[in-house]
Amino acid sequence: MKLVKLMEPVMTTQAIKTSGLTPVKILNKLSCYVKEQVENFNPQQMLKSILVPGIAFIVFLLIWGGAASQVQTSLGTLPGPIQVWQQAMVLVDEHNEERIKQVHFHERQDIRNAKKLAENPDAEIKTRPYTGKATFFDQIWTSLITVATGFLIASLIAIPVGIICGLSPLIYSALNPLIQIFKPVSPLAWLPIVTIIVSAVYVSEDPVFSKSYLTSAITVTLCCLWPTIINTTVGVSNISKDLLNVSQVLRLGWWTKVYKIVIPSSIPMMFAGLRVSLGIGWMVLIAAEMLAQNPGLGKFVWDEFQNGSSNSLARIMVAVFAIGLVGFMLDRIMLVVQKRVSWDKSAVLR
Amino acid sequence: MSNEHLMLSQISIEFPTPTGPFKALDNINLNIAKGEFVSLIGHSGCGKSTVLNIVAGLYQATTGGVILDGREVNEPGPERAVVFQNHSLLPWLSAYQNVELAVKQVFKKKKTKAEMVEWIEHNLSLVHMDHAMHKRPDEISGGMKQRVGIARALAMEPKVMLMDEPFGALDALTRAHMQDSLIEIQARLNNTVIMITHDVDEAVLLSDRIVMMTNGPAATIGEILQVELPRPRNRVQLADNPKYNHYRAEVLKFLYERQHRPEASEAKKKTAQNRVSVMGKSKAA
Ligand SMILES: Nc1ncnc2c1ncn2[C@@H]1O[C@H](COP(=O)(O)OP(=O)(O)OP(=O)(O)O)[C@@H](O)[C@H]1O
Ligand SMILES: [Mg+2]
C-alpha cells in the first residue's frame with residue numbers, strides 16, 4: 001500500500017508523460033517526492049496515515065494469531081500469521097528453484113544441440129520448451145493475464161454499447177431487459193456453457209491460446225460487461241441538455257459529438273463501472289479457475305485443498321492474501337488510468 | 001414582406017404534458033430586419049426561451065414557422081448561433097478550444113489552418129479574452145465564460161445571434177461591462193440579434209426594438225417599442241436623457257401595470273387568506 005501511494009504522484013507527473021521513463025528520472029522524481037514529504041512533515045498527518053492503520057493491522061494479526069491457535073481442524077491447528085509468512089517464503093523458494101531448474105534445462109539443451117551441430121552441420125536440432133511445475137507466482141501471472149484479457153474484451157464491447165444505449169432511448173429500451181436479465185447471472189452458471197462452446201468451436205491443430213485460458217477469459221468477460229454497460233449508459237444519458245444543444249447548434253457529426261462531448265462528460269461514470277467490473281472479474285476468475293481446474297490462482301487453491309498436507313491451510317491463506325493484494329492493485333491501476341484520462345484533475349478520486 | 005430578413009409568422013406551440021397539451025405560445029408574429037437588435041422582455045415563464053428555441057430550431061412550432069432569408073427553419077444550425085444563459089462551454093476544453101470546435105465545424109473547407117487560428121484569436125480578442133484564451137472554463141470568472149460563449153457565437157459568423165439572458169447570472173458591475181462590450185461589438189459587426197432579458201435598462205440601452213410579451217399560457221406579443229436613441233449609446237449620458245427615461249417607463253408600465261406578475265398576484269391571494277385565518281383565530285379567542 002505504501003508503495004502504491006508512493007507511485008501515484010510519480011506516475012501522474014507531466015514530466016514523465018512528455019519525456020519518457022528513464023530510471024534516473026524516476027529516481028529523481030522519487031527523491032523529490034520523499035523530500036517534499038519530509039519537508040511537509042506533519043506529526044498529526046503521519047499519525048493518521050501510517051500509525052493508525054499500522055496499529056489496526058497489528059491488532060488484526062494478534063487477534064488472528066490468538067484465535068487461530070484455538071481452532072483444531074483435520075489438518076492440525078489453523079495457521080497463524082507466522083506460519084502463513086513462513087509458507088509465503090517457502091513459495092518464493094520453490095519459485096526460485098523452478099527458475100534455476102529451467103535455466104539448467106535450457107543450458108543442457110543448448111550444449112546438446114551444439115554438439116550435434118559440431119558432429120553433423122546438417123543435423124536437425126530440436127528445442128523443447130521447459131515444462132516444469134507451475135509455481136505460485138506463475139499461477140498469479142496466469143490469472144493476471146487472464147483477467148486482463150477478459151476485462152479488455154468486456155470493456156471494448158461494453159463502452160460502445162453503453163454509449164449507444166445512452167444516446168438512443170430506442171436501443172436502450174430494446175437492450176435493457178436483456179441486460180437486466182443477464183446481469184445477475186452467476187459466473188459459475190456461464191462456465192459450463194462457455195467450456196462446451198469453446199471446445200466445440202475452438203478446434204485448431206496448433207492453438208495459440210489454450211482452451212482453459214479462453215474459457216476463463218470469456219467467463220470473466222461475461223461478468224465484466226454489465227456494470228460498465230449500465231454505468232456508461234447512465235453517464236451518457238445524464239449529459240447536460242445544454243451541451244447537447246451546443247452540439248445541435250454546431251451540427252456536430254455523430255463521431256465528433258461522441259468524441260468531444262459524450263465521452264469526456266461520461267468518463268467519471270464510465271470509470272466507476274469499469275472499476276466495479278474489474279473487481280467482479282477478478283473474483284469471478286478465481287472461482288472459475290477453481291471450478292474448471294484452469295491454471296491460475298484458483299487452481300492453486302484447489303490443488304492445495306485436495307493435497308491436504310499440514311501446510312496446505314497456510315498456503316491457501318497466502319493465496320488469499322495474494323488475491324486480495326492483486327485485487328487492490330488492479331483497482332489502484334484503474335484509478336491511475338482514470339486520473340490520466342479524466343479532464344477534471346481537481347476532482348477527488350478514491 | 002417577403003424581403004424581410006427574419007420572419008416569425010403565426011407561431012404557436014403546444015407541449016404535451018401528463019394533463020393534456022399545454023399551449024405555451026399563441027400567434028406570434030414578428031419581422032426582423034438585417035442588423036436589427038431586438039430584445040424580448042416578459043415575466044418569468046411566459047415563453048421567451050421557447051420563442052428563442054423555435055428560432056434556433058431546437059423546438060418545432062406546432063403551427064406557423066420561422067423563415068430566415070427566404071428559407072424555412074426546421075433544425076438547429078450554426079447560421080443561428082445561440083449564446084446560452086449558463087454559457088454552455090465544454091468544461092474540458094480551453095476557451096480557445098471551445099471556439100475552435102465551432103470554427104472548425106463552420107469553416108471546415110473554407111479556411112486554411114492558419115486562417116482559422118487567426119480567426120479564433122481575432123474573435124477572442126473582440127471580447128477581450130485574448131489574455132486568458134488557454135484557460136479552461138473552471139479557471140475563469142462567470143463574466144469571462146460568458147464572453148467566451150459570445151466569442152464562440154460570433155466566430156460562427158451567424159446570420160442571427162440568439163442570446164438567452166446572456167448576462168442574467170452576472171453581478172451588476174460585470175453585467176454593465178458586458179453590455180458595453182456588446183454595444184462595441186454590435187457597432188463594429190452590426191449583427192442581427194435577438195436577446196432575452198429581464199433587465200429593463202439593458203433592453204433600452206441595447207435594443208432597436210423591445211418586444212414585450214404577455215403572460216402565459218398562450219403568451220403572445222403584447223407591445224413593441226421602437227427605441228430611437230442615437231448610437232453609439234453611453235449609459236452615463238443616457239441616465240438623464242428624457243427619451244431614455246420615457247422608454248424605460250413605457251416598458252415598466254407594460255410589465256407592472258398591464259401584465260401583472262403571476263407570482264405577485266398569487267402572493268396577494270395568500271396574504272388575503274392569512275388575514276382571514278388571523279381574523280378567525282381572534283374570533284375564537
Ligand atoms: N419542454 C417543455 N415541456 C413542457 N412545457 C414546457 C417546456 N418548455 C417550456 N415549457 C413551458 O412553457 C412555458 C414557457 O417557458 P419558457 O422557458 O419559454 O419561459 P421563459 O419566458 O423563458 O421563462 P424564464 O424567464 O424564467 O426563463 C412555461 O410555462 C414552461 O413550463
Ligand atoms: Mg428562459
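Lettering follows sequence order; numbering is per chain, from 1.
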Quick check: under 4.5 Å, non-hydrogen atoms only, which of residues 14-24 of chain B neighbour chain A? none
Counting neighbours of NZ on B:K104 that are heavy atoms of other residues, nucleotides or ligands and sit closer than 6.0 Å, is the number greater than 12? no
Using non-hydrogen atoms and a 4.5 Å limit, figure out which bit of B:A56 sits close to chain A: side chain, backbone, both or neither. neither
With a 3.5 Å distance limit and no angle check, can you tell me whether B:W92 reaches the backbone of A:S342 through a side-chain donor-acceptor pair? no
Determine whether more than 12 heavy atoms belonging to other residues, nucleotides or ligands lie under 6.0 Å from atom CH2 of A:W255. no
Exercise: identify the closest heavy-atom pair between B:R136 and A:W343: NH2-O, 2.9 Å
So what's closer than 4.5 Å to chain B heavy atoms on A:S265: side chain, backbone, both or neither? both
When rounded to the nearest 0.5 angstrom, what distance separates CG in B:L101 from NZ in A:K260? 6.0 Å
Counting only heavy atoms from other residues, nucleotides and ligands, does the tally under 6.0 Å from NZ of B:K111 exceed 12? yes
Taking all atoms of both residues into account, what is the closest heavy-atom pair of A:R251 and B:Q105, and its distance? O-NE2, 2.8 Å
Above 12 or not: heavy atoms from other molecules or residues under 6.0 Å from OH of A:Y172? no
Side chain, backbone, both or neither: which part of B:N86 has a heavy atom under 4.5 Å from chain A? side chain
Apply side chain to side chain contact (heavy atoms under 4.5 Å, CB included) to A:N245 and B:V82, showing your working. CA-CA 9 Å; A:N245 281 345; B:V82 185; over 6 Å; no
Least distance between heavy atoms, B:R80 atom then A:V249 atom: O-CG1, 4.0 Å
State, to 0.1 Å, how close A:V246 and B:S88 come at their nearest heavy-atom pair, and which atoms those are. CG2-O, 3.5 Å
Counting heavy-atom pairs under 4.5 Å with chain B, the top scorer among A:T256, A:D242, A:I261 is A:D242
May I ask you to check whether over 12 heavy atoms, not counting those of B:W119, lie within 6.0 Å of atom CH2? yes
For A:Q248 and B:P76, work out which heavy atoms get closest and say how close. O-CB, 3.5 Å
Where on B:E79 is there a heavy atom nearer than 4.5 Å to chain A: the side chain, the backbone, both, or neither? side chain
Residue, of B:G77, B:A102, B:A81, that accumulates the most heavy atom pairs under 4.5 Å with chain A: B:G77
Counting only heavy atoms not in B:Q60, do more than 12 fall under 6.0 Å of its CD? yes
